[in-house]
2 protein chains.
Amino acid sequence: MSKQKKHPPTPKRARIVDVANAAGVSTATVSRALTGSGRVGPELMQRIEEAVVATNYVPDSVGRALRRQRSDLWAVIVSDIRNPYFVELISAIEEVASLEDQSLVLYNTDELQVRERRFIGSAVAQRMSGVIIAVASEQDSDLSALEEAEIPTIVVDRRVQGFSGDSVVLDNIQAGKLAAEHLLKLGHTRILGLFGPSAASTTFDRYIGFKAAYENSQNRNYGTSSLLTDIRADQAQAVTAHALRGGLRPTAIYAANGALSAGAYRAVQASGLRVPEDISILGTDDTPWATMVRPALSVITQPVAEMGKVAAERLVKRNQNPEVEPLHLVLSPELVIRETTGPIHQ
Amino acid sequence: MSKQKKHPPTPKRARIVDVANAAGVSTATVSRALTGSGRVGPELMQRIEEAVVATNYVPDSVGRALRRQRSDLWAVIVSDIRNPYFVELISAIEEVASLEDQSLVLYNTDELQVRERRFIGSAVAQRMSGVIIAVASEQDSDLSALEEAEIPTIVVDRRVQGFSGDSVVLDNIQAGKLAAEHLLKLGHTRILGLFGPSAASTTFDRYIGFKAAYENSQNRNYGTSSLLTDIRADQAQAVTAHALRGGLRPTAIYAANGALSAGAYRAVQASGLRVPEDISILGTDDTPWATMVRPALSVITQPVAEMGKVAAERLVKRNQNPEVEPLHLVLSPELVIRETTGPIHQ
DNA sequence: TTGTACGCGTTATCAG
DNA sequence: CTGATAACGCGTACAA
């Protein structure tokens, strides 16, 4: 005699035992048949398949996850969900996830440590099978909880202190260098550099690379004024506008991320200055508008789709074999010269 | 102090029973203390809190979900994850989810029924506490599985046949009407209309609204040629380019979604025609580039952030009380006149 | 090859 | 206010 109305008023959903009964076999056999984890006779297989259809059975992921101690969930933790760069990254990861029958859990830290901490805790609590993360801070982000929980973790876009697992990042020093060399070659010495957000390793590296290239050049007496800050697009616009109104205004601007590029472009547009005759603009990341504006934006680009794909595939591999040697992939940026960068013109 | 472990060196996470032992209470009391589902004496509460810290306990979401028959997961199913419109929608939903301690599972159907079907199955299998969906097809999308599983479902952006639950959509007929009236007022009669994707109710409604406004106007002998199709941005560009080369070319273009707007804009740019003197362009959705290009794009916009927020909050409410009357919210589009639309000019 | 039985971690029920 | 305990649905030793 079983009690009937015990738990919440749940709707009836077929369980594995219902399938077993319908097929006249045991639950173990049904499980084996459905997961392919053991040999099952052809005639039983047939009966089970019919029973699955008849009962409209869908395996319960929660029960399965509890038993397996691992859910079919990947977390993707990014610092800014609206940034087209991350959208592209997420999109690439999603493609692989879908292929692997994994569900993508999206977390947006908004560059905030507290949120990141919470999300990592969530991933652990839900026993996710993987985490791909663009950390909020190189110094302060803490991935140890993931390590302890033995959740495969791939660090993308930004480095983290104290993490030695898989990582897929850009050669950001090279990105900064590429930018500087391009502007140097065009004769620019008075440059406004916009860098941010300050806690990201990408920011730091681009800044270092950019500065180093200038200091190593013949042209030592340059007058770069670089802002390494946490401003967003609209503030970048204000800062740029201010710089353009100054007496000794820059002849070129280098914006080290997508949002800053937009702010800079807008400010220049509003200033009425001619581009690139009066001022050059070199942006970062191939945002959709880069090729729609006139003049079209010259940029330093990243192979972001590849980064996402590689990171996701790495997750798959590490789940198959946790012992594989950590991957430390560093991809190369590219300079795409369009119309906003030109020789200095007095 | 070391715990005795079984042979496998698998580092075990603290369970609720570990906390209970450390605090010298029962698991039931720990559970009540942590979930706040029952009153617990202050001294025990104190001990339990200490024990939680001491054991570094994190409640296991999987075990909880199994017991509760409901996980802390929301699915967001959209048809195109790269569309800035959906990015904005997702972003708004994520904000609420984070507040509610729900994790967002992102599914991208890419307008494909098969994928949508799979994702819905996934949401059911994982016993998610809610689904927000922009369906792939008004006619063919099937939400009955969610209904059977009693998963609160909010339909956004696009209608679905046979669904009578909560929905948050735009008045798309009005959107089409707004577009037509604006162009009518400017004197345009030869218009290229770009509509898509064909299976979406948004497409249909905008088309109907647009057409109706023209037919109801004094100006009956208009020559709109409307393409209702599944083309994407690059194909829209080709189609537009072709139309512009024709002998009797349109004096205005209405693009009924973001991607088509981009294609149209690019084609016009390449044609060398003056905007809006030679040709007007009216786009849809306030994509980031709309205000960066010159001339800036006139558009029909939607309150997308509000749509996401309302949908998410509705999910919360329905989880609290499944019996509330279904919400059928229809929001209003707005016409934002910028620089790409002007009076006809022979 | 197939079946039995147990446990994954949690919470709701029930009794005290 | 607290404790003991029975499920939730599944996969897998172990037994047959």
Side-chain angles (χ1 to χ4, degrees), chain A residues 1-21 23-48 51-52 55-72 124-127 149, chain B residues 6-8 10-21 23-48 51-52 55-72 124-127 129 149-150:
Chain A
M1 236 158 284
S2 62
K3 308 186 179 181
Q4 296 181 357
K5 283 199 167 184
K6 258 234 125 167
H7 290 309
T10 56
K12 48 184 163 84
R13 203 171 113 191
R15 297 155 304 166
I16 199 171
V17 62
D18 300 318
V19 178
N21 289 340
V25 299
S26 74
T27 60
T29 304
V30 175
S31 176
R32 281 188 285 255
L34 266 38
T35 63
S37 59
R39 304 223 46 87
V40 174
E43 63 274 49
L44 287 193
M45 188 64 111
Q46 172 78 7
R47 294 223 306 271
I48 290 171
V52 166
T55 56
N56 191 27
Y57 174 66
V58 179
D60 185 311
S61 303
V62 179
R64 172 175 290 177
L66 182 62
R67 173 64 224 216
R68 291 221 239 250
Q69 301 277 70
R70 188 119 300 191
S71 62
D72 289 337
V124 172
Q126 308 194 39
R127 294 189 127 87
Chain B
K6 306 208 169 184
H7 306 136
T10 50
K12 257 195 152 185
R13 268 170 54 186
R15 297 154 303 164
I16 199 171
V17 61
D18 300 319
V19 178
N21 290 339
V25 298
S26 74
T27 60
T29 304
V30 175
S31 176
R32 280 189 288 255
L34 297 182
T35 62
S37 59
R39 302 241 54 86
V40 174
E43 62 270 55
L44 287 194
M45 188 63 112
Q46 172 80 7
R47 294 223 305 270
I48 289 171
V52 165
T55 56
N56 192 28
Y57 173 66
V58 179
D60 186 311
S61 304
V62 180
R64 172 175 293 177
L66 181 63
R67 173 63 226 216
R68 295 225 244 244
Q69 302 277 68
R70 190 117 297 191
S71 62
D72 289 337
V124 172
Q126 309 193 41
R127 292 184 185 277
S129 61
E150 291 187 350

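Both backbone and side-chain heavy atoms feed into the values below; hydrogens, waters and symmetry mates do not. So you know, we letter chains A, B, ... as the sequences are listed, proteins then strands, and number each from 1.
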Kindly compute the distance separating [atom1] ([X]) from [atom2] ([Y]), expressed to the nearest 0.5 Å.
| X | Y | atom1 | atom2 | result |
| --- | --- | --- | --- | --- |
| A/Ser26 | A/Arg32 | OG | CZ | 6.0 Å |
| B/Gln126 | B/Ser71 | CD | OG | 6.5 Å |
| A/Gln46 | A/Glu43 | CD | CD | 10.0 Å |

query: Only one of A/Thr29, A/Leu34, A/Val30 clears side-chain contact (heavy atoms from CB on, under 4.5 Å) with A/Val40; which?
result: A/Thr29
query: Through what angle, rounded to 10 degrees, does the axis of the helix from C/dT1-D/dA16 to C/dG16-D/dC1 turn between its ends, using five pairs per end?
result: 40°
Using atom [atom1] of [X] as one end and atom [atom2] of [N] as the other, report the distance to the nearest whole Å.
| X | N | atom1 | atom2 | result |
| --- | --- | --- | --- | --- |
| A/Arg15 | D/dC8 | CZ | P | 6 Å |
| B/Arg47 | D/dT2 | CZ | C1' | 12 Å |
| A/Asp60 | C/dT10 | CG | P | 17 Å |
| B/Arg127 | C/dT10 | CZ | P | 18 Å |
| B/Arg39 | D/dT2 | CZ | P | 10 Å |
| B/Ile16 | D/dG3 | CD1 | C1' | 13 Å |
| B/Gln126 | D/dG9 | CD | C1' | 14 Å |
| B/Lys12 | C/dC8 | NZ | C1' | 8 Å |

For [X] and [Y], which heavy atoms make the closest approach, and how far apart are they?
| X | Y | value |
| --- | --- | --- |
| B/Arg70 | B/Ala149 | NH2-O, 3.6 Å |
| A/Tyr57 | A/Ile16 | CE1-N, 3.5 Å |
| B/Thr27 | B/Ala20 | N-CB, 3.7 Å |
| A/Ala125 | B/Pro59 | CB-O, 3.5 Å |

Under 4.0 angstrom between B/Arg64 side-chain N/O and C/dT11 OP1 or OP2: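 Yes, because at least one side-chain N or O of B/Arg64 sits under 4.0 Å from OP1 or OP2 of C/dT11.
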- prompt: So, is A/Gln69 near the phosphate of D/dG11, with a side-chain N or O under 4.0 Å from OP1 or OP2?
  reply: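 Result: no.
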Salt-bridge contact A/Arg15-A/Asp60 (side-chain N to carboxylate O under 4.0 Å):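 Answer for the salt bridge query: no.
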Closest to side chain of A/Ser26, choosing from D/dG3, C/dT4, C/dG9: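 When the side chain of A/Ser26 is considered, C/dT4 is the closest of D/dG3, C/dT4, C/dG9.
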message: Students often get this wrong, so: under 4.0 angstrom with heavy atoms, is B/Val62 touching a base, only sugar-phosphate, or nothing?
response: nothing
- prompt: NA contact type, B/Val17, heavy-atom cut-off 4.0 Å: base, sugar-phosphate, or nothing?
  reply: nothing
What N/O pairs connect the protein and nucleotides 12-16 of chain D at under 3.5 Å? Give each pair on its own line.
from: D/dT12; atom 1: O4'; to: A/Arg67; atom 2: NH2; distance (Å): 3.3

